[in-house]
Amino acid sequence: MAESEEDRHLKLTGDFDCDPTPLSTLRHSTSHVMAQAVKRLFPEVKVAIGPAIEDGFYYDFAKGEPFTPEDLARIEDVMREIVKADIPFERQEMSRRDAIAFFRERGERFKVEILEGIEADRVSLYKQGDFIDLCRGPHVARTSELKAFKLLSSSGAYWRGDEKNPMLWRIYGTAWLTQADLDQHLWRLEEAKKRDHRKLGRELDLFDFYDVAPGAPFWLPNGMILVRELEKFARERLDAQGYQEISTPMLVNKKLWEQSGHWELYRDNMFQLEVEGEIFSLKPMNCPEASYVYKRSLRSYRDLPLRFSEMGRDHRNERSGTLTGLVRVRQFTQDDAHLFCRPDQLQDELTALLDLVREWYKTFDLQPSYKLATRPEKRLGTAEQWDNAESSLEKALRGNGLAFEMDPGGGNFYGPKIDIDVRDALGRGWQVATIQVDLTMLPERFQLEFIDTDGQPKRPVVIHRAIFGSYERFIGIITEHYAGAFPTWLAPVQARVLPVSEKFIDYARTVHRRLRDARVRAELDDRNEKLGYRIRDAQVRKVPYMLVVGGREAEQGTVSLRPRTGEDRGAVALDRVVADLTAEIASRAADLTAGRS
RNA sequence: GCCGGGGUAGCUCAGAGGCAGAGCAACUGAUUCGUAAUCAGUAGGUCGCGGGUUCAACUCCCGCCCCCGGCUCCA
């Protein structure tokens with residue numbers, strides 16, 4: 001992982017510990033003004049740290065009682081007074097020793113602790129009016145520059161993120177350069193609430209959770225359609241790429257996990273149970289068992305690469321407080337694969353894999369971004385192996401014309417990797433795919449071999465990769481991305497036939513049957529309700545197409561086509577509607593184009 | 001796991017020691033309807049679970065489970 005803004009903030013070392021861009025500076029200054037307001041209202045409170053973060057800022061405070069929503073409103077009022085007073089931010093420097101004395105005298109124990117933990121001889125402080133804080137800066141010139149901000153929430157947070165440390169109270173806020181940006185951000189927060197996959201999952205009957213199985217979804221018929229369509233999508237692509245699908249046991253003897261190293265490093269996250277005196281565990285990952293499949297026979301250099309894919313159902317005993325809808329679960333299904341190749345094949349495999357990833361996400365209108373994580377300090381394997389693996393990953397990225405960030409030292413101890421985030425329709429990032437080169441872990445621990453051209457056994461390189469990441473999380477992501485209005489190929493119900501009145505039920509049945517025969521997931525809504533009611537219902541259920549049929553349509557063999565976008569595409573011949581819909585579904589098109597002239 | 005907030009009808013939520021409530025959804029009937037909500041009626045509950053206090057607990061106390069927002073972790 002690259003150092004986070006929080007980490008840099010805490011260390012106060014280097015030239016620019018805090019991101020000096022105008023927006024980050026503004027947010028950072030806003031957090032100082034918030035701390036100033038808090039100290040005015042609650043003089044006994046001690047301050048910890050307050051960095052800029054994505055979309056805003058926070059500040060942590062030591063205080064007996066939590067902040068209430070009313071407190072936040074009062075703090076915000078005081079902040080606006082401070083802004084109005086147009087106070088300058090003033091920088092001053094002092095020796096670290098003096099700074100320690102300065103903050104100790106004020107009882108600011110957290111500042112003292114930070115200062116004691118750093119190496120710099122001199123440090124900077126920033127002062128605005130009656131508030132002074134240890135800070136690397138930079139800051140805006142005057143408080144009047146803060147125009148568009150809002151406090152959002154308060155919650156507990158540990159000092160330095162360590163649960164053994166005291167709990168502090170954190171206030172989150174957001175700040176922007178303009179009111180329009182702030183309004184836009186607040187709109188996105190509102191919109192995100194409306195799109196919450198937990199809410200939509202219930203409303204659209206996709207999945208549900210019951211307290212008998214925390215962290216594990218029950219897939220309802222509608223949601224299972226999504227699972228099946230995604231599986232079908234994945235299998236089509238992997239079949240075309242020469243993958244071979246396997247499936248390995250979920251309940252596995254502890255011996256395997258001792259061999260793989262999971263028992264030592266990951267045991268706390270594994271569900272264990274005893275069977276006839278032996279300890280078994282539900283698999284948290286699929287790699288060790290894929291190695292068994294590899295090892296099943298003697299492999300020649302000619303057999304490689306071997307690409308074993310698996311819809312691996314994994315269980316991880318996540319701490320109860322971390323579970324969140326489909327995004328963080330205890331049972332999930334990875335679209336996993338392990339590619340076993342010769343070192344000289346690594347480059348081509350990675351290039352093909354990135355091409356696959358790039359194409360994959362086009363279907364969902366999700367924008368991927370790539371991060372190359374290189375060798376960490378603690379690692380296994382030779383410099384030559386690492387050089388080869390890192391340059392192969394980089395060449396694969398460049399070969400595909402992909403922009404990427406570097407994450408120096410962020411790789412696994414067994415090899416470098418590329419992590420892939422996607423940005424959704426609201427601009428939120430989600431980690432989905434990962435491509436990890438494994439130089440040593442599986443190859444060494446499981447003694448993987450192939451017989452090379454010289455007749456000697458050699459170690460293959462393994463690539464661990466997942467593209468959706470997990471079906472559960474991915475469905476959570478796309479539910480929010482599409483706001484539940486899935487493209488036709490994914491929509492649980494693709495079309496609803498709505499007879500204008502029961503007089504036209506026969507023709508409606510014919511239309512319905514034609515659609516079903518063409519494998520369109522269609523429903524007939526012949527309920528005893530007015531057309532307007534049934535249209536509204538289909539709309540609320542986000543059904544892509546409504547096919548309204550009455551006398552005119554029955555006579556002419558047409559349907560009146562109304563996509564959920566609200567347009568009226570008028571009377572379209574039934575044959576054409578069926579053809580358009582099947583084409584739209586087969587091509588996994590993003591837009592609703594059937595019947596568009 | 002920790003901190004804070006919650007759990008009352010399918011959903012959204014009100015109620016606070018003394019008869020369990022509303023809107024929407026559901027069901028039944030009437031209406032036969034042309035592009036986002038027809039009218040009327042009916043039914044619906046172990047107030048998360050267990051214990052305690054009390055003449056009486058959805059309400060107060062204790063323990064547990066689950067959910068939400070964070071911390072930490074993460075596909």
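Because only heavy atoms are used, hydrogens play no part in the values below, and waters and symmetry mates are left out as well, while side chains stay in. Being a predicted model, the structure only gives us computed values, none of them experimental. A, B, ... follow the sequence lines: proteins, then strands. Residue 1 opens every chain.
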With respect to the phosphate group of U72(B), does any side-chain polar atom (N or O) of Arg319(A) fall under 4.0 Å of OP1 or OP2?
no
So Gly161(A), base contact, sugar-phosphate only, or nothing? Heavy-atom distance under 4.0 Å.
sugar-phosphate
Criterion side chain to side chain donor-acceptor pair (under 3.5 Å) on Gln539(A) and Arg496(A), from CA distance to verdict
CA-CA 10 Å; Gln539(A) 194 73 42; Arg496(A) 258 196 202 168; over 6 Å; no
Output the rounded distance in Å from CD (Glu318(A)) to P (C73(B)).
12 Å
Ala157(A), nearest nucleotide to its side chain (from A75(B), U72(B), C71(B)):
C71(B)
Does a side-chain N or O from Lys530(A) land closer than 4.0 Å to OP1 or OP2 of A37(B), or not?
no
Electrostatic pair Asp419(A)-Lys371(A), nearest N-O below 4.0 angstrom:
no
What nucleotide among U32(B), G34(B), C67(B) has an atom nearest to a side-chain atom of Ser501(A)?
U32(B)
Would you kindly compare Ser560(A) and Ser320(A) by the position of their nearest RNA chain B nucleotide and give the one closer to the 5′ end?
Ser320(A)
Checking Arg330(A) now: which residues fulfil salt bridge (charged side-chain N to carboxylate O under 4.0 Å, His left out) with it, not counting sequence neighbours?
none
So, using side chain to side chain contact (heavy atoms under 4.5 Å, CB included) as the criterion, who are the partners of Thr333(A) when residues are at least two apart?
Met311(A), Arg313(A), Tyr471(A), Glu472(A)
Check RNA chain B against residues 468-475 of chain A and give the residues with a non-hydrogen atom under 4.0 Å, in numerical order.
Gly469(A), Ser470(A), Arg473(A)
Taking RNA chain B as the partner, which of residues 541-554 of chain A come within under 4.0 angstrom of it by heavy atom?
Val548(A), Gly550(A), Gly551(A), Arg552(A), Glu553(A)
Can you list everything that forms a salt bridge (charged side-chain N to carboxylate O under 4.0 Å, His left out) with Glu584(A)? Sequence neighbours excluded, please.
none
Could you tell me whether Glu70(A) and Arg74(A) have a side-chain N and a carboxylate O separated by less than 4.0 Å?
no
Pairs under 3.5 angstrom only: tabulate donor-acceptor contacts from the side chains of residues 420-429 of chain A to other protein residues two or more places apart or in another chain.
residue	atom	partner	partner atom	Å
Arg423(A)	NH1	Gly427(A)	O	2.4
Asp424(A)	OD1	Leu426(A)	N	2.8
Asp424(A)	OD1	Gly427(A)	N	3.1
Asp424(A)	OD1	Arg428(A)	N	3.0
Asp424(A)	OD2	Arg428(A)	NE	3.0
Asp424(A)	OD2	Arg428(A)	NH2	2.9
Asp424(A)	OD2	Trp430(A)	NE1	3.1
Arg428(A)	NH1	Glu480(A)	OE1	3.0
Arg428(A)	NH2	Glu480(A)	OE1	3.1

Taking NZ from Lys371(A) and C1' from C74(B), how many angstroms apart are they, rounded to a whole number?
13 Å
U72(B) versus G10(B) - spacing of their C1' atoms, nearest Å
36 Å
Selection residues 308-331 of chain A - residue pairs positive for ring-ring contact (aromatic ring centres under 6.0 Å, His included), sequence neighbours left out:
Phe308(A)-Phe340(A)
When all nucleic acid strands are considered with a 4.0 Å heavy-atom cut-off, which category describes Phe209(A): base, sugar-phosphate, or nothing?
nothing
Name the residue closer to the 5' end of RNA chain B, choosing between Leu323(A) and Arg316(A) according to the nucleotide with the nearest heavy atom.
Leu323(A)
Return the nearest nucleotide to the side chain of Arg328(A); candidates are G69(B), C74(B), U32(B).
C74(B)
Name the nucleic acid region contacted by Val212(A), choosing base, sugar-phosphate or nothing; use a 4.0 angstrom heavy-atom cut-off, strictly under.
nothing
N/O (side chain, Arg562(A)) to phosphate O (OP1/OP2, A36(B)) under 4.0 Å:
yes
Compare the minimum distances between each of A36(B), G34(B), C68(B) and the side chain of Leu531(A), then state the nucleotide with the smallest one.
G34(B)
For Asn222(A), check side chain to side chain contact (heavy atoms under 4.5 Å, CB included) against everything at least two apart and list the hits.
Asp205(A), Leu206(A), Pro492(A), Arg541(A)
Quick test of your reading of the model: are Asp526(A) and Arg534(A) salt-bridged, counting only N-O distances below 4.0 Å?
no
Apply ring-ring contact (aromatic ring centres under 6.0 Å, His included) to the pair Phe149(A) and Phe57(A), showing each step before the final yes or no.
CA-CA 10 Å; Phe149(A) 61 87; Phe57(A) 60 90; 7.6 Å; no
Going by purine N1 to pyrimidine N3 plus the second Watson-Crick contact, or the G-U wobble pair, all under 3.5 Å, which nucleotide sits opposite U12(B)?
A22(B)
note: Lys193(A), atom NZ; C68(B), atom C1'; distance rounded to Å ~ 12 Å
Of the listed nucleotides (U35(B), A75(B), G1(B)), which one gets closest to any side-chain atom of Thr322(A)?
G1(B)
Thinking salt bridges, do Asp162(A) and Arg160(A) make one under a 4.0 Å N-O criterion?
no
Below 3.5 Å is the cut-off: list the nitrogen or oxygen pairs between protein and nucleotides 22-29 of chain B, distance only.
none

Does Glu359(A) have any side chain to side chain contact (heavy atoms under 4.5 Å, CB included) partners at least two apart in sequence or in another chain, and if so, which?
Asp355(A), Lys362(A)
May I ask you to check if Lys63(A) and Phe42(A) form a cation-pi contact, with NZ or CZ under 6.0 angstrom from the six-membered ring centre and within 45° of the axis?
yes
Heavy-atom contacts, protein to nucleotides 3-13 of chain B, under 4.0 Å, summarised as B (base), S (sugar-phosphate only) or - (none) per nt, yield SS------SS-
For Val227(A), all residues meeting side chain to side chain contact (heavy atoms under 4.5 Å, CB included), sequence neighbours excluded:
Trp219(A), Met224(A), Glu231(A), Ile475(A)
